[in-house]
Protein chains: 2
Amino acid sequence: MKLSTKGRYGLRAMLEIALQHAKGPVPIHVIAEHQNLSSRYLEQLLIPLKQNGLVKSVRGSQGGYILGREADKITVGDIIRALEGPISPVDCVNELNPDECDRAEFCVTRRIWSKLRDSMNQVLDSYSLEDLKNEATDVP
Amino acid sequence: MKLSTKGRYGLRAMLEIALQHAKGPVPIHVIAEHQNLSSRYLEQLLIPLKQNGLVKSVRGSQGGYILGREADKITVGDIIRALEGPISPVDCVNELNPDECDRAEFCVTRRIWSKLRDSMNQVLDSYSLEDLKNEATDVP
DNA sequence: TTATACTCTAGTAAAACTATAGGGTATATG
DNA sequence: CATATACCCTATAGTTTTACTAGAGTATAA
């Protein structure tokens with residue numbers, strides 16, 4: 001029940017882009033240096049974020065990444081789902097690609113996993129990048 | 001953010017033991033056959049469950065496993081924690097064995113992981129084996 | 001024209017997961 | 001007391017996933 005580094009690094013990268021939004025596109029290497037990550041790895045994390053419309057890329061000199069939409073319209077859940085796929089403790093209650101098993105109808109544990117799934121999504125969707133931005137700038 | 005088979009199989013095994021509680025100790029091979037699992041693998045899952053007092057073992061002929069305490073005193077969270085360790089989306093908010101990082105003090109994302117951790121534990125602790133037992137016996 | 005920065009694809013080492021296997025010990029029963 | 005039953009302990013092996021690393025290419029501002 002752990003988040004992978006994809007989700008954690010990706011969220012930190014998104015926050016970095018959000019914080020520097022005013023200054024224009026943020027290049028990968030800047031994020032990587034700030035967050036002490038491999039820029040080559042970060043590069044790969046930005047692909048699904050772009051595909052999901054959470055960031056836009058600007059190529060060429062002075063290029064980099066900008067937010068795909070306003071920070072208050074991007075939730076932590078959006079970011080995690082883009083990077084790690086549907087948030088679900090088991091595949092049989094995965095909404096996108098349910099891996100139904102024979103016993104689904106009688107399965108007593110299934111209901112618990114559904115409830116856990118909903119709760120996880122609810123918590124992660126209750127935070128937007130804007131919220132994180134505000135907290136980050138509050139720090140002295 | 002997936003549960004491993006340990007957690008899923010373990011919960012099903014515990015439910016099986018709870019359901020057959022009246023008939024005395026339930027041998028591993030019975031659980032394994034009912035749930036279509038490898039009994040050799042199941043054997044390993046029962047070790048941590050026993051260490052955590054969730055089941056007791058009875059050796060010898062007519063032996064098997066019985067619940068370590070009443071079904072309404074065992075939550076799904078107890079079972080998952082016994083099998084998979086502390087329920088936490090990241091190690092830095094793991095209560096038992098916190099893997100604090102340098103940035104913990106300023107870390108904006110940390111608060112979200114705490115809230116997610118609490119929510120996950122709360123959901124899983126809101127179901128007892130007794131609840132599951134009741135649902136299971138309701139099925140025609 | 002050139003430096004900057006994104007894009008796409010492939011490969012790889014390490015860790016975690018999911019078992020399988022062998023040899024042992026305790027105990028109820030006949 | 002012999003024996004079948006069933007738990008107990010440790011080791012290991014195959015597979016998958018994770019977390020990168022690397023090479024070659026493309027677009028664009030200056």
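FYI, side chains are in, hydrogens and waters are out, and symmetry mates aren't considered; it's all heavy atoms of this structure. Chain letters run A, B, ... following the sequence lines, proteins first, then strands; residues in each count from 1.
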Answer yes or no: does a side-chain N or O of Ser57(B) lie under 4.0 Å from OP1 or OP2 of dA6(D)? no
Under a 3.5 Å cutoff, is there a donor and acceptor pairing between the side chains of Ser119(A) and Ser119(B)? yes
Which part of the nucleic acid does Lys56(A) contact within heavy-atom distance under 4.0 Å: base, sugar-phosphate only, or nothing? nothing
What about Glu43(A), does its side chain sit under 3.5 Å from the base of dC8(C) through a donor-acceptor pair? yes
In whole angstrom, give the distance that lies between atom CZ of Arg40(A) and atom P of dT18(D). 22 Å
State, with a plain yes or no, whether a side-chain heavy atom of His21(B) is found less than 4.5 Å away from one of Glu16(B). no
Within the pair Lys6(B) and dA19(C), is there a side-chain N or O less than 4.0 Å away from OP1 or OP2? no
Less than 4.5 Å apart, side chain to side chain, heavy atoms only: is that true for Asp125(B) and Val76(B)? no
Does the side chain of Thr5(B) get closer than 4.0 angstrom to OP1 or OP2 of dT18(C) through an N or O atom? yes
Would you say the side chains of Tyr9(A) and Ser4(A) form a donor-acceptor pair under 3.5 Å? no
Is it the case that dT5(D) (base atoms only) and Arg59(B) (side chain only) share a donor and an acceptor within less than 3.5 Å, ignoring hydrogens and angles? no
Just to confirm, is there a sub-4.0 Å distance from OP1 or OP2 of dC17(C) to any side-chain nitrogen or oxygen of Tyr41(B)? no
Of the nucleotides dT27(C), dC9(D), dT4(C), which one has an atom closest to the side chain of Ser61(A)? dT4(C)
It should be established whether Tyr65(B) places a side-chain nitrogen or oxygen under 4.0 Å from OP1 or OP2 of nucleotide dC8(D). yes
